[in-house]
2 protein chains.
Amino acid sequence: MDDPLRRYPGYSLRRAANATAAELAARLSDIGLKQVDASLLLLIGANPDVTASALGRELDIQRANMVPLLKRLEDAGLIDRNPLDGKSQGLVLTRDGEARREQALAIIERFEAEMLARVPAEHRHHLLPALDALWRNP
Amino acid sequence: MDDPLRRYPGYSLRRAANATAAELAARLSDIGLKQVDASLLLLIGANPDVTASALGRELDIQRANMVPLLKRLEDAGLIDRNPLDGKSQGLVLTRDGEARREQALAIIERFEAEMLARVPAEHRHHLLPALDALWRNP
DNA sequence: TAACTATTGTTGTTGATCATAGCAATCCTT
DNA sequence: AAGGATTGCTATGATCAACAACAATAGTTA
């Protein structure tokens, strides 16, 4: 079937993102996490006492939508909340959260390596800078 | 804020895809189309009498989910259905559908060009082949 | 030809995701 | 002390894709 879309990098970009996201999601589900969960664990681990708002800004997730995400992580015993002042709360990983973060990290590192390995060597090191140019400077 | 995710091509891939998808969606909304609509118009235009099932396979959309998509295009007077045999129906663009397809094509071509222009020249021609390697051969 | 298997188009339901608006409490700055 | 901004949250609606199920038909094989 003739597919006029295949010429377009933008189309391939979306398809590639979907395909890789699906694969990573499948692997992360082995440890009971979604991609957002893993992102949050990594970010909280690297930035103890971050606020929900700051996380939302970094990941482009609206404040309101952070609530159920963090609630699930809290209910799962992976994160704790420290009141920073009267209204802000700092988020930290629990012991379990840290363990899970390390599992997620291992899965992600491995996944990224395998993903990159699929890209022909001549193109490989161009991928990250090219992608970054597409969204870092809006 | 320290963001451990920025090292990962897979993460940049998803962010770049989201950012570009949002921008293209905004432009296509000027002519009352979503991305899927535009994809369908382009595909039907290039493959007259294609079936809904074939479109779904090409775009990785389940048969069942094609129904409301095609119904909207039909209700908008952009496509017609030709009974091919007792159960299959061939899809074609109407006059209006062809006009809309050309508008969509112009928007997409322009968008793709601008998108590519944002990528530094050294990386530019590596983008499409690198992305294709990520999803063409699963 | 008869029987089976696969394909097509469809319905209906579900869950996940995201945008939006609004609210109370608290903070920061002037 | 006051006004505006920020934080966390509730609630709601729209959209989207996955899934199961089904009837009708086509294609293939016994």
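Note on naming: letters A, B, ... go to the chains in the order of the sequence lines (proteins, then strands), and numbering restarts at 1 for each one.
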Engineer: Can you tell me if Ser12(A) and Asp132(B) form a side-chain donor-acceptor pair at under 3.5 Å?
Structural biologist: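 Side chains of Ser12(A) and Asp132(B): pair found under 3.5 Å.
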
Engineer: Using heavy-atom distances to pick each residue's nearest nucleotide on DNA chain C, tell me which of Thr51(B) and Asp85(A) is more 5'.
Structural biologist: Thr51(B)

Engineer: Rounded to whole angstrom units, what separation is found between the CG atom of Leu59(B) and the C1' atom of dA18(D)?
Structural biologist: 17 Å

Engineer: Salt bridge between Glu114(A) and Arg110(A), side-chain N to carboxylate O under 4.0 Å?
Structural biologist: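 Here Glu114(A) pairs with Arg110(A) in a salt bridge, since their nearest N and O are under 4.0 Å apart.
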
Engineer: Consider the side chain of Ser53(A), meaning its heavy atoms from C-beta on, and name the nucleotide among dA26(D), dT10(C), dG8(D) that approaches it most closely.
Structural biologist: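 When the side chain of Ser53(A) is considered, dG8(D) is the closest of dA26(D), dT10(C), dG8(D).
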
Engineer: How long is the line joining CZ of Arg63(B) and C1' of dA20(D), in whole Å?
Structural biologist: 12 Å

Engineer: Rounded off to whole Å, could you give me the CD1-to-P distance for the Ile61(A) and dC9(D) pair?
Structural biologist: 15 Å

Engineer: Can you see if the side chain of Gln62(A) gets near the phosphate of dA19(C) - specifically, an N or O under 4.0 Å from OP1 or OP2?
Structural biologist: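 Result: yes.
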
Engineer: Give a yes or no on whether a salt bridge exists between Glu23(B) and Arg118(B), defined as a side-chain N under 4.0 angstrom from a carboxylate O.
Structural biologist: yes

Engineer: Report yes or no: is there a donor-acceptor pair, N or O only, under 3.5 Å between the side chain of Lys87(B) and the base of dT25(D)?
Structural biologist: yes

Engineer: With the side chain of Ser88(A) defined as its heavy atoms from C-beta on, choose the nearest nucleotide among dA26(D), dT10(C), dG8(D).
Structural biologist: dG8(D)

Engineer: Whole angstroms only, please: what is the NZ-P distance between Lys34(B) and dC18(C)?
Structural biologist: 16 Å

Engineer: Using whole Å, what does the distance between atom P of nucleotide dT7(C) and atom CG of Leu84(B) come to?
Structural biologist: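 Between P of dT7(C) and CG of Leu84(B): 17 Å.
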
Engineer: Rounded to whole Å, please give me the gap between NZ in Lys71(A) and P in dA11(D).
Structural biologist: 12 Å

Engineer: Are Arg81(B) and dT10(C) close enough that a side-chain N or O sits under 4.0 Å from OP1 or OP2?
Structural biologist: yes

Engineer: Expressed in angstrom and rounded to an integer, what is the separation of Asn82(B) atom CG from dG9(C) atom C1'?
Structural biologist: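 Checked: the CG to C1' distance equals 16 Å.
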
Engineer: What's the closest nucleotide to the side chain of Gln89(B) if the choices are dC27(C), dG9(C), dC16(D)?
Structural biologist: dG9(C)

Engineer: Under 4.0 Å between a side-chain nitrogen and a carboxylate oxygen: does that hold for Asp96(A) and Arg100(A)?
Structural biologist: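 No, this pair does not count.
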
Engineer: In whole angstroms, how far is the P atom of dT10(C) from the CZ atom of Arg72(B)?
Structural biologist: 15 Å

Engineer: More 5' along DNA chain D: Ala64(A) or Arg57(A), using each one's nearest nucleotide?
Structural biologist: Arg57(A)

Engineer: Report the residue from His126(A), His125(A), His123(A) that forms a ring pair (Phe, Tyr, Trp, His ring centres under 6.0 Å) with His123(B).
Structural biologist: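 Of the listed residues His126(A), His125(A), His123(A), the ring pair (Phe, Tyr, Trp, His ring centres under 6.0 Å) partner of His123(B) is His126(A).
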
